[in-house]
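Just so you know, these numbers use all the heavy atoms, side chains as well, and skip hydrogens, waters and symmetry mates.
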Amino acid sequence: LTMDDIESSDANTRRLIKKQQETEQRKFQRKKENFEKEISILEDEIKNLESEMCKKENLLDHELLLILDEKVQVARDRLDKIYEEWLKLE
């Protein structure tokens with residue numbers, strides 16, 4: 001082995017490491033963006049469900065209110081889990 005061989009090998013190793021780091025960074029960024037999209041969707045869903053619950057014509061429909069409340073709880077639970085995962089990325 002010559003010094004040129006060693007230097008070439010070191011340069012290749014550095015390029016591979018840099019490429020792997022860039023790939024990991026892109027994966028991280030995509031994951032973060034997906035969490036943020038899902039958070040936004042869930043927040044909108046919760047807002048819409050709560051709005052539906054507050055409509056005058058729905059206030060006396062106890063069955064509908066129970067269904068809507070259950071949907072809100074499911075969405076909130078999912079939102080809490082997404083927030084936890086998202087915060088782990090920060």
> Are Tyr83 and Ile46 co-members of a hydrophobic cluster defined by side-chain heavy atoms under 4.5 Å apart?
Replying inline: yes
> Rounded to the nearest 0.5 Å, how far apart are NZ of Lys31 and NZ of Lys88?
Replying inline: 9.0 Å
> Are Phe28 and Trp86 connected in a single hydrophobic cluster, I mean Ile/Leu/Val/Met/Phe/Trp/Tyr linked by side-chain heavy atoms less than 4.5 Å apart?
Replying inline: yes
>> For the CG atom on Leu87, are there more than 12 heavy atoms of other groups (residues, nucleotides or ligands in this structure) within a distance under 6.0 Å?
In response: yes
>> What's the separation between atom CG in Asp10 and atom CZ in Arg15, rounded to the nearest 0.5 Å?
In response: 11.0 Å
> Are the side chain of Thr23 and the backbone N or O of Lys19 linked by a donor-acceptor pair below 3.5 Å?
Replying inline: yes
> When rounded to the nearest 0.5 angstrom, what is the spacing between CD in Glu38 and CD1 in Ile82?
Replying inline: 3.5 Å
> When rounded to the nearest 0.5 angstrom, what is the spacing between NZ in Lys18 and CG in Leu16?
Replying inline: 12.5 Å
> Which is it for Asn58 and Met53 under the side chain to side chain contact (heavy atoms under 4.5 Å, CB included) test, yes or no, and what are the steps along the way?
Replying inline: CA-CA 6 Å; Asn58 294 335; Met53 291 173 75; over 6 Å; no
> Do Lys47 and Glu50 sit within salt-bridge range, that is, some charged N less than 4.0 Å from a carboxylate O?
Replying inline: no
> Would you say Glu85 has more than 12 foreign heavy atoms packed within less than 6.0 Å of its CD?
Replying inline: yes
>> Other residues, nucleotides and ligands only: do more than 12 of their heavy atoms fall within 6.0 Å of CD on Glu33?
In response: yes
> Is there a donor-acceptor pair closer than 3.5 Å between any side-chain N or O of Asp69 and the backbone N or O of Leu65?
Replying inline: no
> For the atom pair CD1 (Ile67) and NE2 (His62), what is the distance rounded to the nearest 0.5 Å?
Replying inline: 13.0 Å
>> How long is the straight-line distance from NZ of Lys55 back to CG of Leu64, given to the nearest 0.5 Å?
In response: 10.0 Å
> Would you call Glu24 and Lys27 a side-chain contact if the rule is heavy atoms closer than 4.5 Å?
Replying inline: yes
>> Tell me which one of Ile41, Leu42, Ile39 satisfies side-chain contact (heavy atoms from CB on, under 4.5 Å) with Arg78.
In response: Leu42
